[in-house]
Amino acid sequence: MGGGHLEDNVFKQYLKSKQLFRRNREILRPSYIPDELPHRQQQISQLASVLVTALKGERPSNILIFGKTGTGKTASVKYLGNEIKKADSELNKVSFVYMNCEIVDTQYGVLQNIGNRLIDDFNERIPFTGWSTERVYNILRDKIDEEKKVFIVVLDEIDKLVYKSGDDVLYHLSKINDDLQNARVSLIGISNDLKFTEFLDPRVKSRLGEEKMVFPPYNAEQLKDILSQRAAVAFDDGVVEESVIPLCSALAAQEHGDARRALDLLRVAAEIAERNYDDKITEAHVHKAKNKIELDCVTETVKTLPTQSKLVLMSIILNEEKDNGRLTTGDVYGTYRELSHVVGVSILTQRRVTDLISELDMLGIIRARVKSFGRGGRTKEIESSVPLLETKRVLEEDEMMYGLKNYKPKTQTTLM
DNA sequence: TGTCCACTGGAAGGGAGGGCTT
DNA sequence: AAGCCCTCCCTTCCAGTGGACA
């Protein structure tokens with residue numbers, strides 16, 4: 001490095017740049033649980049009034065909590081979990097087990113997971129596969145019953161579990177108290193789908209929903225309070241321009257009052273500002289953040305798709321690029337067969353591909369609606385709902401798809 | 001009014017892949 | 001090694017269907 005003037009030194013910008021985050025940026029992550037949850041006092045005290053029974057050594061009623069994403073359900077429950085642990089630290093009569101059923105979504109998985117939380121000895125752990133479910137249940141039951149204790153088991157995203165694996169586990173868990181001599185178990189189910197209880201066995205439904213609560217969405221004002229509270233800890237005074245927090249709140253309020261979204265907007269805006277070496281967070285950063293979040297979300301989902309789904313998605317995109325009117329399952333399947341042949345993977349049946357299409361629809365990557373074309377038959381009408389070029393680029397990054405660069409499908413879709 | 005198309009989506013089950021048990 | 005168990009991904013089979021057209 002020759003003796004350059006500081007002006008043209010590569011480190012110049014770094015030296016000049018200012019650290020925007022005062023502390024750990026975790027504070028702006030939705031998973032962070034602050035000491036106080038604004039605008040959730042009512043829900044928290046209602047929950048507390050039910051759960052306090054546990055501290056008296058008796059079983060609290062089971063609770064079902066409903067509310068859209070980002071309405072503070074998980075945060076409130078975890079917050080109470082911590083409070084209970086504090087209150088119980090001397091007596092140690094209560095155990096709090098939290099589990100996310102989107103990650104653990106099988107009967108076996110749920111039982112195994114709860115069981116292993118209670119087993120310290122590594123050698124006694126329940127293996128993630130191999131045993132019969134009944135055996136896992138028996139171990140779990142015995143383990144729970146060892147002490148006179150109250151177990152509060154939280155099943156977050158419980159609807160996912162029910163849709164995937166039915167209600168057998170819930171049946172057993174909600175009835176486990178009949179098999180216990182000493183301990184007591186109470187369940188807290190968290191769901192953002194109000195209707196999932198319709199899929200439950202009536203007995204399970206009534207046992208699980210002894211208490212029900214709904215978390216309403218936050219409005220823009222409330223979101224502002226939440227953001228201000230966290231921003232005050234995360235940033236120094238004056239770093240956040242005045243209009244930034246109201247803007248984040250307003251944008252998130254449009255998305256059914258999603259606090260998670262509001263926090264993400266603010267955090268990503270700050271990150272963008274930091275990367276640009278700006279010393280303030282402005283509205284422009286928030287708008288950029290909004291686009292980035294949306295695009296990242298798509299990119300991430302597409303990237304993590306299994307190969308076969310990627311091929312199906314690619315087929316849809318290629319067809320759409322040709323733009324020949326409506327796109328049906330048959331068209332997509334035709335192209336899909338072609339592509340699979342080109343890249344040399346096994347070709348799935350149309351039945352299976354229908355399911356993959358439905359999955360893509362559920363992920364929000366495409367839109368697929370069943371429609372009847374009279375004599376033309378009844379089938380899904382498909383259109384992608386992501387930016388074509390970007391998505392295609394992401395798909396092409398997959399080694400599997402190398403052979404498809406610049407590939408033009410041959411299948412002629414019949415024109416309208 | 002009925003026909004008939006091009007699928008849809010449920011049911012059942014196979015088999016591979018993880019792993020435990022004896 | 002043989003015999004289990006549980007889950008995932010997939011196939012086979014098939015009754016069912018909305019609505020344009022004859």
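Order of the sequence lines fixes the chain letters, A, B, ..., with proteins taken first and strands second; residue numbering starts at 1 for each chain.
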*Which sits closer to the 5' end of DNA chain C, A/Arg378 or A/Arg375, going by the nucleotide each is nearest to?*
A/Arg378
*Under 4.0 angstrom between A/Thr106 side-chain N/O and C/dT7 OP1 or OP2*: yes
*Residue-phosphate contact under 4.0 Å: A/Lys371 side-chain N/O, C/dG19 OP1/OP2*: no
*Is the shortest side-chain N to carboxylate O distance from A/Lys86 to A/Glu83 below 4.0 Å?*
yes
_Lys/Arg N to Asp/Glu carboxylate O, A/Arg203 vs A/Asp201, below 4.0 Å_ = yes
*Hey, is CG on A/Asn92 packed in by over 12 heavy atoms from elsewhere, all under 6.0 Å?*
yes
*Do other residues, nucleotides or ligands put more than 12 heavy atoms under 6.0 Å from the NZ atom of A/Lys148?*
no
Rounded to whole angstrom units, what separation is found between the [atom1] atom of [X] and the [atom2] atom of [N]?
{"X": "A/Tyr108", "N": "C/dT7", "atom1": "OH", "atom2": "P", "value": "9 Å"}
{"X": "A/Lys164", "N": "C/dC9", "atom1": "NZ", "atom2": "P", "value": "7 Å"}
{"X": "A/Gln350", "N": "C/dT11", "atom1": "CD", "atom2": "C1'", "value": "13 Å"}
{"X": "A/Gln308", "N": "C/dC8", "atom1": "CD", "atom2": "P", "value": "18 Å"}
{"X": "A/Arg369", "N": "C/dT17", "atom1": "CZ", "atom2": "P", "value": "21 Å"}
{"X": "A/Arg135", "N": "C/dG3", "atom1": "CZ", "atom2": "C1'", "value": "15 Å"}
{"X": "A/Glu359", "N": "C/dC8", "atom1": "CD", "atom2": "C1'", "value": "11 Å"}
{"X": "A/Asp105", "N": "C/dC9", "atom1": "CG", "atom2": "C1'", "value": "14 Å"}

*Would you please say whether a donor-acceptor pair under 3.5 Å links the side chains of A/Thr379 and A/Thr328?*
no
For [X], which contact category applies under a 4.0 Å heavy-atom criterion: base, sugar-phosphate, or nothing?
{"X": "A/Ser372", "answer": "base"}
{"X": "A/Ile357", "answer": "nothing"}
{"X": "A/Ser165", "answer": "nothing"}

*Does A/Tyr171 have A/Arg207 sitting over its ring (NZ/CZ under 6.0 Å from centre, angle to axis within 45°)?*
yes
_Geometric cation-pi criterion A/Lys212 and A/Phe66, 6.0 Å radius, 45° cone_ = no
*asked:* Going 5' to 3' along DNA chain B, between which two nucleotides do contacts with chain A fall, using a heavy-atom cut-off of 4.0 Å?
replied: B/dT3 to B/dT21
*With the side chain of A/Thr129 defined as its heavy atoms from C-beta on, choose the nearest nucleotide among C/dC6, C/dC8, C/dT11.*
C/dC6
